[in-house]
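Everything quoted here is computed from the prediction, not taken from an experiment.
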Amino acid sequence: MDLLSGQPYWFYKNGVLESFPALGEDLQTDVAIMGGGITGALLAWTLTEAGIPVVVIEKRHIALGSTSGSTALLQYEIDTPLTELIELVGKKDAVRSYKLCVEAIYKVQEIIKLLGRNVDFSLKDSIYYASKKDDLPDLKKEYQERKNQGIDVEWWEQDELRGHFPALKKSGAILSHDAAQLDPYKMAHALLNACVLKGAKVYDTVKVEVINHHKKGVTLHLDNGSQIKAGKLIIASGYESQDYISKKVTRLHSTYAIVSKPVVQDEPLWYKNALLWESARPYLYVRTTEDNRVLIGGKDETFQSAGKRDRLLHSKSKQLASAAAKMFPNLPFVIDYEWCGTFAETEDGLPFIGGVKEHPNTYFALGFGGNGILFSVIAADIIRDAIIGKKNPDASIFRFERV
């Protein structure tokens, strides 16, 4: 099944950045990674930096799966609000999950500094507003819980919110100072290119047909007849990772996004070009790009089929454009690119990171929802520690056994 359809902005903007070969021989390595998107790239980077030999396998071209459709808002907020997550998993794990995501924003920033490549990264404020007046009490409770836990937030009353966004006639908002945005397609290519320069091997347009698990590792049988023998396997194939686990731990949703033509003006398009999103579920979210475009996404619905998802693209795009026009009536909003994709979420909003008994010597990173890049950073640290035999104090939060 196609992960996405339409015109994913990042690929149209960047084109082919790096070329990677197709594998035509048998290989042996310490770790094989299935998945050449941003998650696989961050895993490969983290393991390569730890001196662990890695081979990355991608059945498409690098970063042309879900990564090219990611809207890449780096927000510490998990799709489940902190107050709700506390009820689901307990205060300790809920708070730690949020703080790990805050830390991950700045880990991404440090990784980019080490890469020395421009991936259009910038730190941002994030504004989480009440979609309707009835949402205000819960949003205030959410604000207070975050503030009590030391997260850097402010509360905006209606007057302050409307002072910055006159057309956004909402009752209040949480202003967070820890957020960022980037170009995920550029980032994945930069990471994997750096890994190759340090000895990692990356291959695309080659598909794993069969996985054999055994006591000393795994053997991957590829569609071209080659084999890869690895001591450990990491499956980082987005929602497709669920196909390798008998226990269902994710549910699928369709999502939609559009990008406007560039807006010609020197000043920010709105208050600090902050990230914007709302309390409604499903929610709308808005960001800018480095070339002064408006990116708006949302209008999610339960996934039924790729065909139905794709048939809705144009009507969903019109709805998103209408929402953008209402929020920013003074901006000339003309759709330039539109696309849709499928993503997986979990019951509690937290990902699943680690191994399962049915697949020895194998680790999974899946169920990332709207926090894919930040959860990937967390997953890379946890899986690296597991491979080198180091106890990670946060691994239990994301274990499969929690359900």
Side-chain angles (χ1 to χ4, degrees), residues 17-23 27-68 70 72 104 107-108 110-117 119 121 182-208 211 217-218 220 222 228-238 240-241 244 351 353-355 361-366 368 372-388 390 392:
L17 292 176
E18 311 282 349
S19 294
F20 299 93
L23 178 61
L27 289 178
Q28 189 159 350
T29 185
D30 284 22
V31 178
I33 300 174
M34 284 175 57
I38 189 66
T39 301
L42 281 161
L43 283 156
W45 161 268
T46 302
L47 295 175
T48 300
E49 287 293 292
I52 300 170
V54 168
V55 173
V56 178
I57 306 293
E58 169 57 51
K59 68 180 180 181
R60 301 174 179 86
H61 286 91
I62 290 298
L64 276 188
S66 295
T67 295
S68 66
S70 169
K107 284 187 178 181
V108 170
E110 288 304 311
I111 289 170
I112 292 168
K113 287 179 181 178
L114 292 171
L115 288 173
R117 295 273 292 269
V119 297
F121 175 88
L182 52 71
D183 179 332
Y185 182 81
K186 271 188 178 181
M187 179 73 170
H189 277 271
L191 287 163
L192 291 174
N193 181 65
C195 290
V196 169
L197 293 175
K198 292 190 176 186
K201 297 181 183 297
V202 179
Y203 302 96
D204 61 7
T205 64
V206 60
K207 184 179 179 181
V208 176
I211 304 173
V218 297
L220 307 180
L222 310 180
I228 299 175
K229 291 184 177 180
K232 303 292 182 184
L233 170 65
I234 303 172
I235 298 180
S237 305
E240 293 176 311
S241 301
Y244 299 95
I353 302 168
N361 298 307
T362 302
Y363 300 95
F364 292 86
L366 79 157
F368 286 175
I373 296 173
L374 300 185
F375 281 150
S376 296
V377 172
I378 295 167
D381 285 345
I382 289 173
I383 293 174
R384 176 206 56 212
D385 288 351
I387 288 172
I388 66 176
K390 177 183 176 183
N392 186 296

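The two residues F20 and D204 have their closest heavy-atom pair at O-OD1, 3.1 Å. When every heavy atom of A365 is checked against every heavy atom of A379, the shortest pair comes out as CB-CB, 4.1 Å. Here the closest non-hydrogen pair linking L27 and K201 is CD1-CD, 4.3 Å. Nearest heavy atoms, I373 versus A72: CD1-CB, 4.1 Å. Between I378 and A104, the shortest heavy-atom contact is CG1-CB, 4.5 Å. Taking all atoms of both residues into account, the shortest heavy-atom contact from D381 to N392 is O-ND2, 3.8 Å.
Other residues, nucleotides and ligands contribute over 12 non-hydrogen atoms within 6.0 Å of the NZ atom of K186.
Distance CD1/I228 to OG1/T29: 8.0 Å, rounded to 0.5 Å. Annotation: the span from T48 atom OG1 to L191 atom CG amounts to 10.0 Å, rounded to 0.5 Å. To the nearest 0.5 Å, the span separating CG on L192 from CE on M187 amounts to 10.5 Å. A distance of 13.0 Å separates CZ of F364 from CD1 of I353, quoted to the nearest 0.5 Å. The line from NZ of K59 to CE of M34 is 8.0 Å long, rounded to the nearest 0.5 Å. Between the CG atom of L64 and the OH atom of Y185 there is a distance of 5.0 Å, given to the nearest 0.5 Å.
Using a 4.5 Å heavy-atom cutoff, the side chains of L43 and V31 are not in contact. At a threshold of 4.5 Å between non-hydrogen side-chain atoms, the residues D30 and I387 do not count as touching. For the pair I33 and L47, the minimum side-chain heavy-atom distance is below 4.5 Å. Using a 4.5 Å cut-off on side-chain heavy atoms (C-beta onward), W45 and L114 make contact.
Checking side-chain atoms of T39 against main-chain N and O of A236 turns up no donor-acceptor pair under 3.5 Å.
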Next on the checklist: Checking I235 against I211 for the side-chain contact (heavy atoms from CB on, under 4.5 Å) test, could you report, in this order, the C-alpha distance in whole Å, the side-chain angles of both residues, the deciding distance, and whether it holds?
Outcome noted: CA-CA 11 Å; I235 298 180; I211 304 173; 4.3 Å; yes

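Using a cutoff of 4.0 Å between basic side-chain nitrogens and carboxylate oxygens, E240 and R60 are scored as salt-bridged. Between K113 and E110, at least one side-chain N (NZ, or NE/NH1/NH2) sits under 4.0 Å from a carboxylate O, which counts as a salt bridge. Remark: R117 engages E18 in a salt bridge, criterion side-chain N to carboxylate O under 4.0 Å.
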